[in-house]
Amino acid sequence: MIRDRRVSFIGHDFDCVDEGFGENVPVDVVIRPEDVIISDKKEGAQFTGKVKSCAFKGVHYEMYVDTDSGNELQIQDYDPFEPGTEVGMSINPDDIQVMKKERTENVQDCEVIDETHIKMLGEVFECAPIMSASTIMSGSTGHPKAHFPFSKVDLWDHEDEGVTTGEVWFILYKGDHYHLTVKTDSGDYLYVDTDDIWDKGDLVGISIQPGEIIVEAEDEQKK
């Protein structure tokens, strides 16, 4: 969310009707496929793209379009546009639904073993150097939590390649990547952003890039 009534997604800025989110705040945006206005005229459009596929669904045509910013949109329209057609697209402010983002990173309870190792998800992980490791280990600062980005969780076809293992639980396509929910063998949930295609139910090895795991104590997080 850039500011009230202005939001940025798929590489472009759009007017919207939502207020009160603040400025430069991460949000989730939902657009219904039938609310993307598509035309063979690119002049005056908010963004452009090229049609990948077009299929008749009984009442409307369903098309997948690669946008000029590298995203993929599903669009429904009563008129067909042949694959390969370059198109212009726009979205009315009333048709852009902005929602508060539930989470912006993974956060897990952990136990500090030493300055560069923690235990979480039932296994030992290497992490970024913990400046206050001894203080955290004394328990005087509250329970530590590990923070790491969705994009820094690596999934492997072979379970033994990861530090721990899990199962792909839920898949959400975000237009230019997949946002996965993975249930680990410890019963915890991890959230993963990836370009790779996985299927629900896939068993995976899980590792996390060590330098991206930041450990903070509870009192540090409240500052």
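On a predicted model such as this, the values are computed, not experimentally measured, just so you know. Throughout, numbering of the chain's residues begins at 1 and tracks the sequence.
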Checklist entry - So, do P149 and E105 sit near enough that their side-chain heavy atoms are less than 4.5 Å apart? => result no
Checklist entry - Looking at CZ of F148 and CG of N106, how far apart are the two atoms once the value is rounded to the nearest 0.5 Å? => result 4.0 Å
Item to check | Joint hydrophobic cluster, I2 plus V30, side-chain heavy atoms closer than 4.5 Å | outcome: no
Next on the checklist: Is it the case that the side chain of D114 and the backbone of H117 share a donor-acceptor pair, with hydrogens and angles ignored and the cut-off at 3.5 Å?
Outcome noted: yes
Item to check | Student check: side-chain heavy atoms of L155 and L180 closer than 4.5 Å | outcome: yes
Checklist entry - Under 3.5 Å, side chain of N92 to main-chain N/O of D94, donor-acceptor pair present? => result no
Checklist entry - Of the non-hydrogen atoms in F81 and D40, which two are nearest, and what is the gap between them? => result CE2-N, 3.7 Å
Checklist entry - Which heavy-atom pair separates C16 from V98 by the least distance, and what is that distance? => result SG-CG2, 4.4 Å
Checklist entry - Would you call E216 and K145 a salt bridge, taking side-chain N to carboxylate O under 4.0 Å as the test? => result no
Checklist outcome for this item: Minimal heavy-atom distance between M1 and D18, with the atoms involved, is CE-O, 3.4 Å
Checklist outcome for this item: Rounded to the nearest 0.5 Å, the NE2 atom of H158 sits from the OG1 atom of T165 at a distance of 14.5 Å
Checklist entry - Okay, side chain of D68, backbone of T48: is any donor-acceptor separation there less than 3.5 Å? => result yes
Checklist entry - Could you give the distance from NZ (K119) to SG (C127), rounded to the nearest 0.5 Å? => result 15.0 Å
Next on the checklist: So V204 and V182, do their side chains get closer than 4.5 Å, heavy atoms only?
Outcome noted: yes
Checklist entry - Under the criterion side chain to side chain donor-acceptor pair (under 3.5 Å), which of Q74, E72, K52 is the partner of Y64? => result Q74
Item to check | Test item: Q46 side-chain N/O and I91 main-chain N/O as donor-acceptor pair under 3.5 Å | outcome: yes
Checklist entry - How long is the gap from CD1 on I118 to CD on E123, to the nearest 0.5 Å? => result 12.0 Å
Checklist entry - How about W156 and S207: do any of their side-chain heavy atoms sit closer than 4.5 Å? => result yes
Checklist entry - Taking the inter-plane angle between the rings of Y178 and Y173 on a 0 to 90° scale, is it parallel (under 30°), tilted (30 to 60°) or perpendicular (over 60°)? => result tilted
Next on the checklist: Heavy-atom count check: over 12 atoms from other residues, nucleotides or ligands less than 6.0 Å from F56 CZ?
Outcome noted: yes
Checklist entry - Just wondering, do N71 and F9 contact through their side chains at under 4.5 Å, heavy atoms? => result no
Checklist entry - C54 and P83: which non-hydrogen atoms are nearest, and at how many Å? => result N-CG, 4.2 Å
Item to check | ILVMFWY network linking F125 to Y191, side-chain heavy atoms under 4.5 angstrom | outcome: no
Checklist outcome for this item: Paired with I38, the side-chain contact (heavy atoms from CB on, under 4.5 Å) test is passed by just one of L73, I75, T85, namely I75
Checklist entry - Are V163 and V168 co-members of a hydrophobic cluster defined by side-chain heavy atoms under 4.5 Å apart? => result yes
Next on the checklist: In this structure, would V59 and M63 fall into the same cluster of hydrophobic residues linked by side-chain contacts under 4.5 Å?
Outcome noted: no
Checklist entry - With R6, which residues qualify under side-chain hydrogen bond (donor to acceptor under 3.5 Å, both in side chains), at least two apart? => result D15
Checklist entry - Do the ring planes of F14 and F47 sit parallel (below 30°), tilted (30 to 60°) or perpendicular (above 60°)? => result perpendicular
Item to check | Close side-chain approach of V215 and M120, heavy atoms under 4.5 Å | outcome: no
Checklist entry - Under a single-linkage definition using a 4.5 Å side-chain heavy-atom cutoff for Ile, Leu, Val, Met, Phe, Trp and Tyr, are V153 and W198 assigned to the same hydrophobic cluster? => result yes
Item to check | Minimum heavy-atom distance between G44 and S90, given as atom pair plus value | outcome: O-OG, 4.3 Å
Checklist entry - Nearest 0.5 Å, what's the NZ-CE distance between K42 and M89? => result 10.0 Å
Next on the checklist: For a side chain to side chain contact (heavy atoms under 4.5 Å, CB included) check, start with the C-alpha distance between S151 and E212, then their side-chain angles and the critical distance, and finish with the verdict.
Outcome noted: CA-CA 10 Å; S151 60; E212 301 295 337; over 6 Å; no
Checklist entry - Is a side-chain N or O of T181 found less than 3.5 angstrom from the main chain of W169, in a donor-acceptor match? => result no
Checklist entry - Between D66 and K50, is there a donor-acceptor pair closer than 3.5 Å when you use the side chain of the first and the backbone of the second? => result no
Checklist entry - Does any N or O in the side chain of D77 come within less than 3.5 Å of the main-chain N or O of Y61, such that one atom is a donor and the other an acceptor? => result no
Item to check | CA sep, side-chain torsions, deciding dist, call: V36, I31, side chain to side chain contact (heavy atoms under 4.5 Å, CB included) | outcome: CA-CA 8 Å; V36 180; I31 309 294; 3.9 Å; yes
Next on the checklist: Distance check, rounded to the nearest 0.5 Å: M99 atom CE versus F21 atom CZ?
Outcome noted: 9.0 Å
Checklist entry - Of the non-hydrogen atoms in D13 and S8, which two are nearest, and what is the gap between them? => result OD1-OG, 3.0 Å
Item to check | By salt bridge (Lys or Arg N to Asp or Glu O under 4.0 Å) - contacts of D28 (at least two apart) | outcome: K101, K174
Item to check | Heavy-atom side-chain proximity of E82 to V51 below 4.5 angstrom | outcome: no
Checklist entry - Does Q108 use its side chain to pair, donor to acceptor, with the backbone of Y189 at less than 3.5 Å? => result yes
Checklist entry - Any side-chain heavy atom of I96 within less than 4.5 Å of one from V29? => result yes
